[in-house]
Amino acid sequence: KIVTISEGLNNLYTSLGAKEENILTAPDGADIDRFDLDISRESARSEVGLPKDKKIVLYKGSLIPWKGAGTLADSSKYINHKDVEIVFIGGTEEDVVNFKKDYGNDKRLSIRGNRPRKETPIYQKSADILVIPNSAKEDISKLYTSPMKLFGYMAGGVPIVASDLPSIREILGESDAYFFTPDDAKSLAGAIDQVFSNYDEAQTRADRSLEK
């Protein structure tokens with residue numbers, strides 16, 4: 001018997017000869033009570049020290065290349081909406097140092113490194129948009145992963161912008177998220193601008209995502 005976290009892995013194992021009836025696909029998940037906090041965006045920002053006069057775009061997680069954090073950082077120069085701050089939390093000490101070398105001079109970015117786990121839901125509630133910028137360059141990202149951050153994002157009820165990948169499309173669709181071309185900073189910036197241009201619709205999609 002085999003348990004996989006994605007249909008992509010299910011397809012891989014069946015292609016290698018495993019019997020489909022012996023495979024159960026069980027995607028990752030999240031504790032809604034942990035992420036769907038009864039706290040205002042303003043209060044959340046006060047707790048984690050983020051500005052209240054900015055539009056906050058948040059990425060949480062690893063800074064390894066296939067996670068796509070660099071694509072989000074590169075999108076900064078193409079976002080048309082003013083007063084946007086892109087916040088990064090997570091990454092090993094070494095990765096954070098290297099990320100700051102590459103992007104630390106961009107005034108629209110706030111690179112905060114690894115934060116205590118208890119702060120993650122508060123950071124999410126402080127944000128206007130949550131981003132999953134996974135790369136399409138590696139199969140683990142494109143086909144096989146079931147991103148923990150995706151389910152944590154969904155459980156927080158904040159609008160999601162995600163790479164248009166099979167691994168993400170297994171879970172989310174056009175009715176509950178916004179998609180962009182993977183590894184394309186301009187496309188990502190366009191999706192972010194789209195959310196800010198019609199935030200009521202974006203919040204409706206976020207509510208559907210939370211329900212899902």
Tell me, please, whether Y178 has R205 positioned over its six-membered ring: NZ or CZ under 6.0 Å from the ring centre and within 45 degrees of its axis?
-> yes

Indicate yes or no for a side-chain donor-acceptor contact from E47 to the backbone of S126 under 3.5 Å, with no hydrogens or angles considered.
-> no

How far apart are the C-alpha atoms of D128 and R41, what are their side-chain angles, what is the distance that settles it, and do they pass the salt bridge (Lys or Arg N to Asp or Glu O under 4.0 Å) test?
-> CA-CA 8 Å; D128 298 284; R41 183 172 290 136; 3.4 Å; yes

Is a side-chain donor or acceptor of R208 paired with a backbone partner of S175 at a separation under 3.5 angstrom?
-> yes

Under 3.5 Å, is there a donor-acceptor pair between the side chain of Q203 and the main chain of G157?
-> yes

Heavy-atom closest contact (F99 atom, A69 atom, distance) = CZ-O, 3.8 Å

Just by distance, with hydrogens left out, do N134 and S163 show a side-chain donor and acceptor under 3.5 Å apart?
-> no

Side-chain (D139) to main-chain (K142) donor-acceptor, under 3.5 angstrom | no

Gap between atom OG of S76 and atom OH of Y103 - 0.5 Å precision | 10.5 Å

When you look at CD of E174, are more than 12 heavy atoms from neighbouring residues, nucleotides or ligands closer to it than 6.0 Å?
-> yes

Would you name the heavy atoms of L130 and A127 that are closest together and state the gap between them?
-> CD2-CB, 3.8 Å

Test item: Q124 side-chain N/O and G152 main-chain N/O as donor-acceptor pair under 3.5 Å | yes

State, yes or no, whether a side-chain contact exists between I192 and L72 at a heavy-atom distance under 4.5 Å.
-> yes

Heavy-atom side-chain proximity of Y144 to S167 below 4.5 angstrom | no

For V84 and F196, the nearest pair of non-hydrogen atoms, with its separation, is CG2-CE1, 4.0 Å

Is the count of non-hydrogen atoms from other residues, nucleotides or ligands lying under 6.0 Å from E93 atom CD greater than 12?
-> no

Could R169 and F179 be counted as a cation-pi pair, given that NZ or CZ must be under 6.0 Å from the ring centre and within 45° of the axis?
-> yes

Spatial distance of atom CZ (F88) from atom OG (S110) [nearest 0.5 Å] = 9.5 Å

More than 12 heavy atoms from other groups under 6.0 Å of CG on N105 | no

Answer with yes or no whether the hydrophobic clustering places V195 together with Y78; edges join I, L, V, M, F, W, Y residues whose side-chain heavy atoms lie under 4.5 Å apart.
-> no

Judged by modelled atom types alone, do S43 and S40 share a side-chain donor-acceptor pair under 3.5 Å?
-> yes

Without swapping roles, check the side chain of S187 against the backbone of T181 for a donor-acceptor pair under 3.5 Å.
-> yes

Tightest non-hydrogen contact, residues Y153 and L58, listed as OH-O, 3.8 Å

CZ of R45 to CG of D53, rounded to nearest 0.5 Å, is 8.5 Å

Evaluate the side chain to side chain donor-acceptor pair (under 3.5 Å) criterion for residues S141 and S135: first the C-alpha distance (whole Å), next the side-chain angles of each, then the deciding distance (0.1 Å), finally the verdict.
-> CA-CA 6 Å; S141 174; S135 172; 5.5 Å; no

Checking D176 side chain against K212 main chain: does a donor-acceptor pair fall under 3.5 Å?
-> no

Heavy-atom side-chain contact between L24 and K1 under 4.5 Å | no

Quick one: pull up CD1 in I168 and OG1 in T145 and give me the separation to the nearest 0.5 Å.
-> 7.0 Å

Would you check if the side chain of N11 reaches a backbone N or O of E7 as a donor-acceptor pair within less than 3.5 Å?
-> yes

Residue pair I89 / E119, side-chain heavy-atom distance below 4.5 Å = no

First locate atom CG of N80, then atom OG of S197, and finally report the distance between them rounded to the nearest 0.5 Å.
-> 8.5 Å

Considering only heavy atoms from C-beta outward, does the side chain of F180 approach that of D164 to under 4.5 Å?
-> no

Of all the heavy-atom pairs spanning K149 and K60, show the shortest one and how long it is.
-> CE-O, 2.5 Å

Can you tell if the side chain of V3 reaches within under 4.5 Å of the side chain of I23, non-hydrogen atoms only?
-> no

So does K125 pair up with D36, basic N to acidic O under 4.0 Å?
-> yes

Given side chain to side chain donor-acceptor pair (under 3.5 Å), test T4 with N10 step by step and report yes or no.
-> CA-CA 6 Å; T4 70; N10 187 320; 4.7 Å; no

Within one Ile-Leu-Val-Met-Phe-Trp-Tyr cluster: F35 and V161, side-chain cutoff 4.5 Å | no

Do the side chains of I56 and Y199 join up, straight or via other hydrophobic residues, at under 4.5 Å, putting them in one cluster?
-> yes

I79 CD1 to L188 CG distance, which is reported to the nearest 0.5 Å = 6.5 Å

Count the heavy atoms of every other residue, nucleotide or ligand shown that sit under 6.0 Å from NZ of K137, and state whether that count exceeds 12.
-> no

Between V87 and Y123, what is the shortest heavy-atom contact and its length?
-> CG1-CE2, 4.4 Å

Cluster link L143 to L165, ILVMFWY, side chain under 4.5 Å | no

Check against side chain to side chain donor-acceptor pair (under 3.5 Å), D207 and T204 = CA-CA 5 Å; D207 293 342; T204 296; 5.3 Å; no

Treating Ile, Leu, Val, Met, Phe, Trp and Tyr as nodes and any side-chain heavy-atom pair under 4.5 angstrom as an edge, say whether L210 and I129 lie in one connected cluster.
-> no

For residues V96 and T92, determine if any side-chain heavy atom of one lies less than 4.5 Å from a side-chain heavy atom of the other.
-> no

I would like to know whether I132 and K67 meet side-chain contact (heavy atoms from CB on, under 4.5 Å); could you show each step before the answer?
-> CA-CA 8 Å; I132 306 174; K67 296 289 188 178; over 6 Å; no

Find out whether R115 and V48 are in side-chain contact, i.e. whether some heavy atom of one side chain is under 4.5 Å from a heavy atom of the other.
-> no

